[in-house]
Structures are given as structure tokens and as C-alpha cells.
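The residues of the chain are indexed from 1 along the displayed sequence. Being a predicted model, the structure only gives us computed values, none of them experimental.
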Amino acid sequence: MSIPQLAEFEKRYSKRGFQAIGIHAQAGTDEQIREWCKDNRVEFPMAKSGRSPIEISGIPRMFVFDQSGKLIYDGRPGAEAETLIKRQLRKSPAAGDASGSDSSTPLRKPEVLIEERTWTNSDGNTLRAALLSVEGENGVFRRPDGNTFTYALSKLSKEDAALIKEKAAAGEEP
């Protein structure tokens with residue numbers, strides 16, 4: 001029931017840098033989901049339910065990430081989420097502060113700390129992404145499609161975790 005609201009957010013704010021991504025956890029074939037999205041004018045990407053670096057319990061659920069990929073909202077879609085989206089879009093990416101200048105300025109892609117490469121987690125699964133930043137024990141990554149996500153560095157393979165630590169020890173940003 002919240003998907004139409006997300007579609008409205010996408011319609012209102014996509015030209016200013018907002019990107020909605022849906023994940024469906026309902027029963028249905030791929031064709032049924034595609035048809036439902038078409039009927040409900042959902043034009044943003046829709047993925048199947050799957051594993052995530054973020055714990056999810058209950059639906060509907062909405063996560064909002066800022067320009068750097070930091071999780072800034074975790075809750076239900078609604079007025080509170082929309083207020084936060086508008087506030088983030090008003091921020092001037094060039095200035096990097098909350099004073100905001102030109103609200104039509106699209107969000108800037110974050111700088112890359114480690115160029116896009118294949119990362120391996122401790123289970124042996126791989127993912128292609130660039131490392132954007134390290135925040136505490138988590139890395140913020142960007143997939144080739146431009147979508148960002150946060151992932152616990154402790155879940156990476158020993159080799160990948162060592163690469164990040166090596167960059168940090170060399171005095172570089174990891």
C-alpha cells in the first residue's frame with residue numbers, strides 16, 4: 001500500500017536527485033509484480049526480497065540515505081520521511097551544510113575512496129562496488145548502478161578488510 005506513495009516521491013523529487021528503490025516481499029511471480037508496477041505507475045526499480053546489510057522487520061519500511069550513503073531515516077513512508085527528503089534535497093552539495101542554497105541543484109555523487117572492484121564477504125559471496133567512506137565499523141559502498149548501501153566491514157573477507165586497513169595505515173583515507 002505504500003508503493004504508490006514512494007512512486008509519488010519519485011515523481012516529485014527525482015529531477016532533484018532523489019532515487020526510490022522498492023523491494024517486494026509479497027508472493028507473486030515476476031510477471032505479476034511487473035504488471036502490478038505498470039498498473040500502479042511505479043517507474044522506479046523494484047527488486048525481489050533478499051538479504052540486506054540492514055535488518056528489516058515488518059513492512060512497509062522505508063530507508064532514506066543522504067548524499068554520502070549514510071542512513072538518515074528508518075521507518076514508515078509518510079509525512080516525516082517526505083519532510084526529511086525535502087530537507088536533504090535543499091542542502092547544497094557544494095557547500096556541504098544545511099543552510100541550503102539552490103534547491104534545484106541535484107545531489108552530487110560521493111567521492112570514491114577505493115575504486116569499483118569485486119569485494120568478497122566472509123561467506124565467499126562477491127559484489128562489485130566502490131567504497132565511498134568508512135563510518136565507524138561500516139563501509140558505505142556504491143554499486144555500478146549508482147545505488148549506495150552500508151555494510152559492516154567485519155563481514156568482509158580478511159583480505160578485503162586488510163586492504164581497507166592498509167590504506168588507513170598508509171595515511172590515506174581508506
Side-chain angles (χ1 to χ4, degrees), residues 2-3 6 9-10 13-14 17-31 33-34 37 42-77 81 84-85 88-89 91 93-94 96-97 106-174:
S2 295
I3 299 286
L6 293 176
F9 288 170
E10 176 77 11
Y13 306 117
S14 65
F18 177 81
Q19 171 68 62
I21 302 168
I23 301 175
H24 75 85
Q26 305 298 312
T29 65
D30 290 346
E31 184 56 38
I33 299 300
R34 275 193 291 278
C37 288
V42 174
E43 297 179 6
F44 56 82
M46 182 70 68
K48 287 183 180 182
S49 179
R51 292 182 62 185
S52 167
I54 300 171
E55 291 294 322
I56 299 174
S57 60
I59 55 175
R61 188 80 172 271
M62 180 177 186
F63 302 102
V64 177
F65 298 88
D66 69 8
Q67 297 94 310
S68 71
K70 180 181 175 188
L71 178 65
I72 58 172
Y73 178 80
D74 175 357
R76 294 173 108 33
L84 192 76
I85 290 167
Q88 283 300 123
L89 292 172
K91 289 184 176 182
D97 64 22
L107 300 177
R108 177 182 61 187
K109 285 188 178 181
E111 294 181 30
V112 175
L113 299 177
I114 296 180
E115 292 296 324
E116 186 177 299
R117 64 184 295 275
T118 301
W119 299 91
T120 305
N121 72 9
S122 56
D123 295 330
N125 297 319
T126 61
L127 176 70
R128 186 131 188 104
L131 177 65
L132 303 178
S133 64
V134 175
E135 298 176 6
E137 299 298 315
N138 296 312
V140 178
F141 294 85
R142 183 177 63 221
R143 292 184 178 98
D145 64 7
N147 295 317
T148 60
F149 64 98
T150 303
Y151 195 77
L153 297 176
S154 62
K155 293 184 179 181
L156 289 174
S157 69
K158 290 179 183 178
E159 293 80 15
D160 286 346
L163 171 66
I164 294 170
K165 287 180 182 177
E166 178 184 315
K167 294 270 187 184
E172 305 171 17
E173 284 273 347

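In this structure, the side chain of W119 engages the main chain of A129 through a donor-acceptor pair within 3.5 Å. Looking at D160, its side chain does come within 3.5 Å of a backbone N or O of T120 through a donor-acceptor pair.
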Step by step, would you call F44 with I21 a side chain to side chain contact (heavy atoms under 4.5 Å, CB included)?
CA-CA 6 Å; F44 56 82; I21 302 168; 5.5 Å; no
Residue pair R117, L163: steps toward the side chain to side chain contact (heavy atoms under 4.5 Å, CB included) verdict:
CA-CA 12 Å; R117 64 184 295 275; L163 171 66; 3.7 Å; yes
Side chain to side chain contact (heavy atoms under 4.5 Å, CB included) between M62 and F9, intermediate numbers included:
CA-CA 12 Å; M62 180 177 186; F9 288 170; 3.7 Å; yes
Using side chain to side chain contact (heavy atoms under 4.5 Å, CB included), reason through F149 and L127 one step at a time and then give a plain yes or no.
CA-CA 12 Å; F149 64 98; L127 176 70; 3.1 Å; yes
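Between P45 and A20, the shortest heavy-atom contact is CD-O, 3.4 Å.
When the salt bridge (charged side-chain N to carboxylate O under 4.0 Å, His left out) test is applied to E116, the partners found at least two apart in sequence or on another chain are R128. For the side chain to side chain contact (heavy atoms under 4.5 Å, CB included) test, residues two or more places apart in sequence or in another chain that qualify with S14 are E10. For E31, the salt bridge (charged side-chain N to carboxylate O under 4.0 Å, His left out) partners are R34, not counting sequence neighbours.
Counting only heavy atoms from C-beta outward, the side chains of V134 and L153 approach each other to under 4.5 Å. Residues N121 and Y151 form a side-chain contact, since some pair of their non-hydrogen atoms from C-beta on lies under 4.5 Å apart.
Looking at D123 and K155, no side-chain N of the basic residue comes within less than 4.0 Å of a carboxylate O on the acidic one, giving no salt bridge.
Going from atom CG of L132 over to atom CZ of F141 covers 8.5 Å, rounded to the nearest 0.5 Å. For the atom pair CG (N138) and NZ (K70), the distance works out to 11.5 Å, reported to the nearest 0.5 Å.
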